[in-house]
Amino acid sequence: VLTATGLTFLAVAAGAGYFLAGRAMVPIKEAFQRQKAFVADASHELRTPLSVIQSSIEVVEAEEADRLSLFSQQVLADLRDEVGRMTRLISDLLTLARADTEAGAMKFASMDMAAIVAQVVRRFRPAAEKAGIQLMLWGSPVQDEREYAAMNDTTDETGGPAHIPMMLWGDKERLTQLLYILLDNAIKYTPEGGQVQVNLVAQKQGIQERALLTVKDSGIGIAPEQQAHVFERFYRVDKARSRESGGTGLGLAIAHWIVTAHQGTIGLESTLNEGTTFQVCLPMGKHGKEKPTGFDV
Ligand code: ADP
């Protein structure tokens, strides 16, 4: 015999079942999208106040420096570093939140990968020099971008020094970002006196041609059990070391996203205390949904 209470209970239970089994599944997908949009919006909104704080600190540092105690100067310098780190973190979060949305879509075009490699590597020369690291490109020590251009009359259309072009189908800005991440890490995790070597070669794989980029360092290395995790968001082998050198733990997650979007692969080989080599393999032929004109492979 069903009492009124029993009926109500059944109705509620059925309602809950419907909600859990049927209706809730659709909103979960929506909730993920909304959460992503929230992270993207929040990151975007946080950038403005942070840049205001940054410039305020710089103004005080520039105009009040001689009136401030050593202690206050140190506090300001620490503040500036932390704001810088937070700005990087927010910009990385924004990149990842946009990664699988339209705003993160790659702008594919025919581009010269060798030009990007040469340009980015030369930009890192001052940082490498400061860290006491020898930077090598295509097997020779790297010269400063401007010095090199001045020595060589021949410059290419990007304004950079001449090189052997390697055309591929890619997003110039994102591949530049990929190189920044890999070079920044190689220098960060290599002690003074070490070496970082960058190379780019074309390889045939069946009928396909691919570009193989390697960034090899003689640094601290990554233990075998950690190697599979370094592409995860916020994964850091040594949090203190990463933090100290301004890391966000998001660089390699972004690198992985960029390479995957180019239908390529990224991997690493590493030996503790000997060094790490990151290898990026990119297809050179046209791929992806976009079909801009003027590309001939
Ligand atoms: P981070 O901002 O901390 O450098 P990444 O996502 O770029 O974050 O890298 C994740 C972690 O992988 C780093 O914290 C570091 O422990 C390790 N790692 C990355 N590149 C190297 C490298 N070239 N040599 C040694 N360890 C590395």
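Heavy-atom basis, side chains included; hydrogens, waters and symmetry copies ignored. Start at 1 and go down the list; that is how both ligands and their atoms are numbered.
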**Message:** Heavy-atom contact check, 4.0 Å cutoff: does G219 meet ligand 1?
**Reply:**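 Judged by the 4.0 Å heavy-atom criterion, G219 does not count as contacting ligand 1.
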Report the part of [X] in contact with ligand 1, treating N, CA, C, O as backbone and CB onward as side chain, heavy atoms under 4.0 Å; options are side chain, backbone, both, neither.
X	value
I222	side chain
Q226	neither
D217	side chain
L252	both

**Complete:** Taken to the nearest 0.5 Å, the spacing of T271 OG1 from I222 CD1 works out to 10.5 Å
Closer than 4.0 Å to some heavy atom of [X] - which atoms of ligand 1 meet that?
X	answer
V237	14 (O), 16 (O)
Y235	10 (C), 11 (C)
G251	5 (P), 6 (O), 7 (O)

**Item:** Nonpolar side-chain network containing V52, other nodes, edges under 4.5 Å
**Value:** none
**Complete:** Going by chain and number, the hydrophobic cluster around V59 (ILVMFWY, side chain to side chain under 4.5 Å) further includes none
Test item: side-chain donor near acceptor, [X] and [Y], under 3.5 Å:
X	Y	result
T214	N199	no
E232	H229	yes
Q227	E225	no

**Message:** Evaluate F278 for polar contact with ligand 1, using N/O atom pairs at a separation under 3.5 Å.
**Reply:** no
**Item:** Min N/O separation G249 to ligand 1 under 3.5 Å
**Value:** yes
